[in-house]
Number of protein chains: 2
Amino acid sequence: MSGSRGVFLADCPARLAVDLIADKWTVVVLAGLSEGPVRHGDLVELIGGISRKMLTQTLRRLEAHGLVRRQAYAEAPPRVEYELTPLGATLIEPIHTLTEWARANGDAVLDAIDAGSVTRKK
Amino acid sequence: MSGSRGVFLADCPARLAVDLIADKWTVVVLAGLSEGPVRHGDLVELIGGISRKMLTQTLRRLEAHGLVRRQAYAEAPPRVEYELTPLGATLIEPIHTLTEWARANGDAVLDAIDAGSVTRKK
DNA sequence: CAGTATCCATTTCGATACTG
DNA sequence: CAGTATCGAAATGGATACTG
């Protein structure tokens with residue numbers, strides 16, 4: 001949908017970035033992979049709250065976008081590990097910047113939220 | 001939904017940040033406001049592709065989160081301007097980092113996409 | 001263990017028409 | 001011009017059950 005008939009901001013690079021990461025799990029999955037290869041099941045535990053379906057789906061898209069590499073071992077029981085590609089690793093820094101912002105300003109946002117719900121800008 | 005009963009990564013700051021910006025329009029709207037106050041109608045033109053409904057909805061949420069300030073002038077015809085709050089302005093840098101990433105690596109992602117759709121990792 | 005398929009509830013978003 | 005209301009289509013995501 002990005003850049004089909006956009007006008008100005010419509011096809012700026014921000015749109016591509018948003019299309020890549022603007023869903024519920026992508027950023028968290030990338031964060032989960034940022035320390036090194038992780039198994040499918042371990043990711044589910046690590047992230048907490050994601051279903052296997054959504055994890056697989058997210059990983060598949062990241063794989064298709066060249067950000068994640070899937071490594072399956074022919075063993076029993078099966079073992080599959082996921083890791084960031086070099087390209088994927090470069091995305092960690094922007095995500096980290098975002099996370100740092102949240103760490104620094106998260107409280108301010110929460111304050112604004114319940115300030116608004118009580119006083120409504122009186 | 002964020003942090004209700006998360007386990008590990010579930011309540012790291014990344015989750016808050018994602019919940020804030022992980023939708024189709026938030027980042028683009030913030031980008032549109034990054035240069036200074038803009039009127040409602042101008043934002044629609046500037047962004048390209050957003051409906052007035054979604055723009056208003058996005059702005060309302062950003063307002064509730066303390067990131068955007070709404071300024072209405074009692075004139076005819078009505079004039080309403082939106083601008084970033086100081087807090088909102090601090091979000092521009094992380095967004096810019098992301099945009100820069102997209103500018104630098106967007107082609108690599110696009111390459112990965114159609115490499116995958118043709119050769120399927122031969 | 002890893003992954004898929006199916007079903008279903010919720011959410012998201014666009015089109016349209018309307019108010020002040 | 002700015003904003004709201006309503007409708008419906010489509011995407012999203014969770015639960016569950018199943019396969020290899």
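This structure is a prediction, so every number in the text was calculated from the model and none was measured. Letters go in sequence order (proteins before strands), and every chain restarts at 1. Computation of the quantities below employed the complete heavy-atom set of this structure, encompassing side-chain atoms and omitting hydrogens, waters and symmetry-equivalent molecules.
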- For Tyr73(B), which contact category applies under a 4.0 Å heavy-atom criterion: base, sugar-phosphate, or nothing? nothing
- Rounded to the nearest Å, what distance is computed from the CE atom of residue Met54(B) to the P atom of nucleotide dT16(C)? 17 Å
- Query: For the pair made of CD in Gln57(B) and C1' in dG14(C), what is the distance, rounded to whole Å?
  - Reply: 11 Å
- Task: Select one nucleotide: of dC1(D), dC1(C), dA2(C), the one nearest the side-chain heavy atoms of Pro78(B).
- Result: dC1(D)
- Task: Would you mind telling me which of dT4(C), dA2(D), dG13(D) lies closest to the side-chain atoms of Val80(B)?
- Result: dA2(D)
- Item | Closest-nucleotide 5' rank along DNA chain C - winner of Ser51(B) and Asp42(A) | Asp42(A)
- Distance test, side-chain N/O of Lys24(A) to OP1/OP2 of dG14(D), below 4.0 Å: yes
- Over all atoms of both residues, closest heavy-atom pair of Leu91(A) and Ile21(A): CD1-CG2, 4.4 Å
- Tell me, which pairs form a side chain to side chain donor-acceptor pair (under 3.5 Å) where one or both residues lie in residues 84-97 of chain A, sequence neighbours left out? Thr90(A)-Trp101(B)
- Message: Nearest 0.5 Å, please: how far is NE2 in His65(A) from CD1 in Ile113(B)?
- Response: 4.0 Å
- Message: When you measure from the side-chain N and O atoms of Arg79(A) to the phosphate of dA2(C), is any distance below 4.0 Å, counting only OP1 and OP2?
- Response: no
- Task: To the nearest Å, give me how far apart CG (Leu55(B)) and P (dG14(C)) are.
- Result: 11 Å
- Task: Kindly compute the distance separating CG (Leu30(B)) from CG (Leu59(B)), expressed to the nearest 0.5 Å.
- Result: 9.0 Å
- Item | Nucleotide nearest Arg70(A) (side chain, heavy atoms from C-beta), chosen from dC1(C), dG3(C), dG14(C) | dG3(C)
- Atom-to-atom span, CZ of Arg61(A) to P of dA11(D) - whole angstrom: 14 Å
- Option among Val29(A), Ile47(A), Val27(A) that satisfies the side-chain contact (heavy atoms from CB on, under 4.5 Å) test with Thr58(A): Val29(A)
- Expressed in angstrom and rounded to an integer, what is the separation of Lys53(B) atom NZ from dT19(C) atom C1'? 17 Å
- Take atom CG of Asp23(A) and atom C1' of dA11(D), then tell me their distance rounded to the nearest Å. 12 Å
- When all nucleic acid strands are considered with a 4.0 Å heavy-atom cut-off, which category describes Arg52(B): base, sugar-phosphate, or nothing? base
- Item | Euclidean distance, atom CD of residue Glu75(A) to atom P of dG3(C) [Å, nearest integer] | 13 Å
- Item | Within residues 30-42 of chain B or reaching into it, pairs that qualify as side chain to side chain donor-acceptor pair (under 3.5 Å) - sequence neighbours excluded | none
- Query: Within the structure, does a side-chain N or O atom of Arg60(B) lie under 4.0 Å from either OP1 or OP2 of dT4(D)?
  - Reply: yes
- Using both pair distances under 3.5 Å as the test, note the stems of at least 3 consecutive Watson-Crick or G-U pairs that include DNA chain D. C:1-20 with D:1-20
- Hey, does Val68(A) have a side-chain heavy atom less than 4.5 Å from the side chain of Leu33(A)? yes
- Message: Rounding to an integer number of Å, can you tell me how far Glu81(B) CD sits from dA2(D) P?
- Response: 9 Å
